[in-house]
Structures are given as C-alpha cells and as structure tokens.
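Worksheet: one structure, shown below.
Being a predicted model, the structure only gives us computed values, none of them experimental. All values below were derived from every heavy atom in this structure, side-chain atoms included, with hydrogens, water molecules and symmetry-related copies excluded. Both counts, for ligands and for their atoms, begin at 1 and track the order of listing.
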Amino acid sequence: MPPTDLKPLRTPKAIAEAVDRAVAYTPSTDMHTHLYTPAFGSLLLWGVDELVTYHYLIAEVLRTNRSVSSEDYWAMPLARRAEHIWRVLFVENEPISEARRGVLTTLAKLGITAGPNGLAEAREYFRDVTVEQHVDTVLRLSNARSVVMTNDPFDDAERAVWLSEPDPDPRFRAAMRIDLLLNSWEAATAKLRAMGYPVSPVFTRATYAEIRRFLDDWAERMDPLYLAVSLPYDFTYPADDARSRIIANCVLPFCRERGIPFAMMVGVKRLINPALQLAGDGVGLWDMRSLERLCAGNPDVRFLVTVLARENQHELCVTARKFPNLLPFGCWWFLNDPSLILEMTRMRVELLGFSFVPQHSDARVLDQLIYKWAHSRALIATVLKEKYADLAATGWPLTEEAIRRDVQQLFAGNLEAFVA
Ligand code: HDL
Ligand code: ZN
C-alpha cells in the first residue's frame, strides 16, 4: 500500500483512485462460507468440476436444456455433469448469468484463458495442483485474510473429523450451525441421544440442560465465532413450537453466557422443487416483527442477520437503526447479484453509515472465493465512490487515510469487533 496522502481529496477522479487502492489492498474476513480446511478431506470442495457443477448452475442448466431432466442429470458422474453444464451454459448459450460469469472470472484470475475449451484447459491446470497449494493460491488471489466455515455437529462426516482433533488452520475459523436442532427437533432428539445427550421430545428442564450441554461441548471443541442457523421465511418468534422453546431456553442463554452472537439467516422456502436437491430452495418474505422482538427482548445478545428476500432489505436496515445489538450482513444467495448488491449497499450506507458487513461469499467451492470477492469488491467500490464524492461535494476534507479506515471496517473490522 503506497503511503497515504493526508491532503483532502477534492475531485471524483482522485476519490475513485483512492477507493480503488483501499478496496484492492484491504484483506477481507469472509464471515460465511461452506469451506473447510484441507484436514476435513472431501468436505472441502475445490477444482473446476466442482466449480462448474455448483448448485446455482444446476438450476440454470435444467431450465436451459429441458431435454435433460434432473433425474438424468443426477444419474451422471461428476465429470459428465460438468461437461453437460459447460456445453449447455457456456458453449451453446452465452455464459451471461452471474454464476456463469463467476466461473470465468475465477478461471481468468487463475491464468486459464476462458473460452469454449475452458473446461479442458482448466482440468489441465488442476492436474498437478495439491489442495494445500490451492488454498494458498485462492486466499492470495481473493485477498481473504480469514474465512469462516459452516460447521454442523449433526453432520456425521464432519463430526467424525472434529472428534479426530484435526490440525487447526488459523485462516479458517469455525461457526457452529444448528439447523437440525432448530428446524427438525424430532430428528435432532434421535441424533442427540445417539451422541450421548439423553433428551426427550417433551421439553423438560433436563432436556434443556442436555441441549445446553451439547452446545457447550461443541463450542469447546469448535471455538465458534458465532452460533448460526438458516430459518424459513415463516419463522416466528415467540411461537408455540420446539424452535421457540429451544431459542428461549438454550440458544439465547448460551450466546449471552458464551459472549458470541446468534446469526440468523432468514427467508428460505425449503425445497420448492425437491428434484433439484440443493438447487431446489426458493425464497419467501419474512415477517420481521420476530426480529424486533428478539432484539428488543435480548439487548445483551448480539444478532448477526441476513435476510433472503429483496423486499425485506429496507426493513432490515431500519430495524438495525433501532437496535445496536443487530448487525446486518451480506447479500445472501439470490441477492448475490450486481443489481441487488448495488441497491442493498447504497441503502445500507445511506441508512447505517459504515455500521454493517457488506458481503460474505457463501462459497461452497474453494475457487469461488476468487470471483465472489472480485465481483463484490468492484461493486462496493462503485458505491463508495458515489458516496464519498457526495461527501466531498459538501466541502468535507476527505482523506485517503479515512477511506482506508472505513474500508478496513467494512471488510473485517465490523465483524471482528462484533464477535470479540
Ligand atoms: O443455508 C445456507 O447457508 C445457504 O447459503 C445455503 O447453503 C444455500 O444453498 C447456498 O449455498 N447459498 O449460497
Ligand atoms: Zn450459506
């Protein structure tokens, strides 16, 4: 980073150049991904065949070439699935969508010239690359300082790795994910009992204690930055259901006593087309009065929240203005598109200043960090240039030092402070 100039930046051009420098140089903390350290083996997805068969692209290929059904698609081995997607979505049709452009951005930054032969060339590139080398390459190209995983103690494969006490990699931090506990209590009781936590489907004091013991044991093992859950669009709190009982009697006390935030990702309409499997989820509007009640009723608990419906974004910003213990984050899933990232980031700066986390990658495949951060950095820079130019137009003495401080806050500082 060149020495910053404390001379006020007066022209849009000078401001834009300072923003580009700060955004390019500032390392990010990626607060939500589905990545793992190499110690987790095949749980960490990487390489071009995984990149090309990302579930976003499965949804697109099935509608673009309807002659191949989802059953036909899933019957193919991975390599054939990748070739099918490449042919339909990149060769026979322009790779114009965000998920397709992302693949090409990643290949280009890896030095693989993207063209109709890109899949074959990329396979050649990956032939003698080790996963450890690739983690270093991808984190460097993404300028990601650290990556937060999604760690599910109910997942048998992942639990086995944790129990083997894998070597930690300080660049990868844990987040404890409890979807089964909060969204499928019946199934969770069976798993908890099998893990040695004798809970009963009926909520007794003993059952609450066993759920807490489970959360404490796994927090000791994982040292999570936060406790996370994906909740459906019709999530209501409080309600006369298992989810509300567990949140009130276990989750909120756990977060309060352990001093970590509760991260709620709300708005999924699970499997509106089951045939698409991971690609089959839809989106729904959330009645955010539940968020108001949670934030108002628990001022000593910090909430990280991202919502899936575009139509919920303005209310999330307004609610965050009312509750300092609420930190909005990211342009999640169906919102991770240029037109919506620009709209949401402008709204958030206008209503929240810099007191939010503008983006997370949600990367499922290691290589995606490259494009998800390249695309978002450019978009966040676009908004910052507009807003700083508006600020400078008031005569305010804007400096590059201030811009660097603000960008560090957005890309890492806000989250690190909120989880500390
Ligand atoms: O629940 C989640 O964490 C979501 O991000 C889902 O994993 C979703 O399938 C996804 O990958 N979105 O990007
Ligand atoms: Zn996710």
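With 3.5 Å as the limit, one finds a donor-acceptor pair spanning the side chains of Asn336 and Gln359. Between the side chains of His134 and Asp367, at least one donor N or O sits under 3.5 Å from an acceptor N or O. Inspection of the Ser361 and Thr33 side chains reveals no N or O donor paired with an N or O acceptor under 3.5 Å.
On a distance-only criterion, Arg270 and ligand 1 share no N/O pair closer than 3.5 Å. Polar contact with ligand 1: present for His55 (N/O pair, distance under 3.5 Å).
The N, O or S atom of His32 with the smallest distance to the Zn ion (ligand 2) is NE2. Atom OD1 is the N, O or S atom of Asp362 at the shortest distance from the Zn ion (ligand 2).
Distances below 4.0 Å separate heavy atoms of His32 from the following atoms of ligand 1: 3 (O), 5 (O). Atoms of ligand 1 lying under 4.0 Å from any heavy atom of Tyr56, numbered from 1 in the order shown and given with element: 12 (N), 13 (O). Within ligand 1, counting atoms from 1 as listed, the ones closer than 4.0 Å to a heavy atom of Asp362 are 5 (O), 12 (N), 13 (O). If you number the atoms of ligand 1 from 1 as listed, the ones under 4.0 Å from a heavy atom of His34 come out as 2 (C), 3 (O), 5 (O), 7 (O). Near Ser230, meaning under 4.0 Å from any of its heavy atoms, are these atoms of ligand 1: 1 (O).
Taking the six-membered ring for Trp and the full ring otherwise, Phe172 and Tyr36 have centroids separated by 6.0 Å or more. Here Trp218 and Tyr197 keep their ring centres 6.0 angstrom or further from each other.
Residue contacts with ligand 1, taken as heavy atom pairs separated by less than 4.0 Å, do not involve His360 at all.
By the 6.0 Å and 45° rule, Arg81 stacks over the aromatic ring of Tyr73.
Protein heavy atom at the shortest distance from atom 4 (C) of ligand 1 is Trp332 NE1, 3.5 Å. At the top of the distance list for atom 1 (O) of ligand 1, counting protein heavy atoms only, stands Arg177 NH2, 2.6 Å. Protein heavy atom nearest atom 11 (O) of ligand 1, with residue, atom name and distance: Arg364 NE, 2.9 Å.
Under the 4.0 Å criterion applied to side-chain N and carboxylate O atoms, Asp240 and Arg245 are assigned as salt-bridge partners. Ionic pairing of Asp20 and Lys385 is present here: one or more N-O contacts between side-chain nitrogen and carboxylate oxygen are shorter than 4.0 angstrom.
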* To do: Could you go through the side chain to side chain donor-acceptor pair (under 3.5 Å) check for Glu50 and Trp46 one step at a time?
  => CA-CA 6 Å; Glu50 294 293 356; Trp46 64 290; over 6 Å; no

